[in-house]
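Here is the structure we will look at, set down as structure tokens.
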Amino acid sequence: MTRICPSELARGSLRSEAMRMILSGIAIACLISVGVGAVLYSMSRPPVYEAMPMPGVRLDDPGHNLVGPRWTGRFDRS
Amino acid sequence: MSAPIRMATVLLICLTTIFAVGPVGAQHGRDTPPAGVGAQPSGADPTAESVTESELLNEIGKLQGRVTIPDGKAAILVQPQGRTYQSFHERWLPWIGAVVILGMAIALAVFYLINGRIPFGARPSGRTIVRFNRLERFNHWMTAASFIVLAITGLNYVFGKRLLFPLIGPDAFATWSQWAKFAHNAFAFPFMLGIVIMAIVWLRDNLPDRYDWPWLRSFGGFVSGEHPPAGRFNAGQKLIFWSVVLGGLALSASGLVMLFPFALVDINGMQVAQYVHAFSAVALIAIILAHIYIGTIGMVGAFEAMESGRVDIEWARTHHSAWIPPDDPDLPERTGARVPAE
């Protein structure tokens, strides 16, 4: 819609209306993201160490696996 | 020395030679084992005759075993495409991204230092005209906010561990990256919604017209020194529009494929999706940098269009003369008509 108005008279209301559009755009983006994030989080599956707990090797904890925390990658017969 | 003793001596020498030299010959052309591995009491390497990984890979294309967990993909140990993708992601992509994005930033800075701001182009009339309605402005800022979050968090995937990690340490970087990943996934949806609305609202005004080629040929007036005629959107703005729509489409499609891994494609499809996503993102970030530049400090009066939705009539006549002819006597009565944009 095309409208013409004296810019000086309307500057104050234009500024507030402009900021309202900017802030509402940012706010709605955040709201949609929070909603979608909640849905996605509810759909996510647990990690393997929670889904398939085993008494042996832990895939996520290199400090307590078979190799040990001080493993250098070099073979040591002793 | 009797014959039996001579024969026993010769046999002993032959056996010693075979046991000592045989394994050495069998090792020729194979991977060198780590020190100590294969040091059997007999001196023989029990794995010397086994098939190597490289031989298997060359023969069947990938190394695959068997697993007892539900995720059958975990049985794939080695596949050449994975190495190609890793090389791209860890070596080429950071350089491509840095060159393209920093190159655009440097080019814009040089352009600004040489040319300064694009001037108003006419004496302001003091009267303004609606250029973007509320829906257009709201959607622009929703999409822009989403894109900024997506760009920052997306760049963290590639540059975070190289630039941010050394500065803030592992704990802070891990926390930031985890939240960045959540934000990247979530803000993708308002971005996709904004792209759809943009395509619907602005498609008609971004179709090619007879003003585009002259506008491009004169680089928007930089060559000729005069403002070439343009409709609601000039050719440069149309290029931005189509880059955003097509780039957004590529990002959305590849992003959804990655957001729901292996739901639609296999491992190779996942890697293709990441190629598409990476290239599209780098290109779109560079293009949007140019868009932000021209919409803010690059051109006098451009930001007000998307801020308040209004521009001065003389500005519109100067930059979009085909939409608002300078001698249009019916301008005040043109209610419902489309308005020019920047």
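Both backbone and side-chain heavy atoms feed into the values below; hydrogens, waters and symmetry mates do not. Keep in mind that this is a model prediction, so the values were computed, not measured. Each chain gets a letter, A, B and so on, in the order the sequences are listed, and its residues count up from 1.
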Atom CE of A:Met21 and atom CG of B:Leu135: how far apart are they, to the nearest 0.5 Å? 9.5 Å

Run the side chain to side chain donor-acceptor pair (under 3.5 Å) test against B:Lys181 and tell me which residues pass, sequence neighbours left out. none

Please report the closest heavy-atom contact between A:Ile26 and B:Ala145, naming both atoms and the distance. CG1-CB, 3.8 Å

Least distance between heavy atoms, A:Ile22 atom then B:Trp141 atom: CG1-NE1, 3.3 Å

Among A:Gly25, A:Cys30, A:Ala27, A:Gly35, who wins on heavy-atom pairs under 4.5 Å with chain B? A:Gly25

Where do A:Ala18 and B:Ser308 come nearest, in terms of heavy atoms and distance? CB-CA, 3.6 Å

Bottom line for B:Leu193: the part with an atom under 4.5 Å from chain A's heavy atoms is side chain

Between B:Phe187 and A:Val34, is a side chain to side chain contact (heavy atoms under 4.5 Å, CB included) present by the stated rule, with each step listed? CA-CA 8 Å; B:Phe187 274 87; A:Val34 170; over 6 Å; no

Beyond-backbone contact of A:Tyr41 with B:Asn185, side-chain heavy atoms, under 4.5 angstrom: no

Roughly how far, to the nearest 0.5 Å, is CZ of A:Arg20 from CZ of B:Arg134? 6.0 Å

At a heavy-atom distance under 4.5 Å, which candidate from A:Ala38, A:Ser24, A:Gly37 has the highest pair count against chain B? A:Ser24

Return the set of residues passing side-chain contact (heavy atoms from CB on, under 4.5 Å) with A:Ile28 (not counting sequence neighbours), or none when no residue passes. A:Leu31, A:Ile32, B:Phe138, B:Met142

Please classify the contact of B:Phe191 with chain A as side chain, backbone, both or neither, using a heavy-atom distance under 4.5 Å. neither

Shortest non-hydrogen separation from A:Ser33 to B:Pro190 and the atoms involved: OG-CG, 3.4 Å

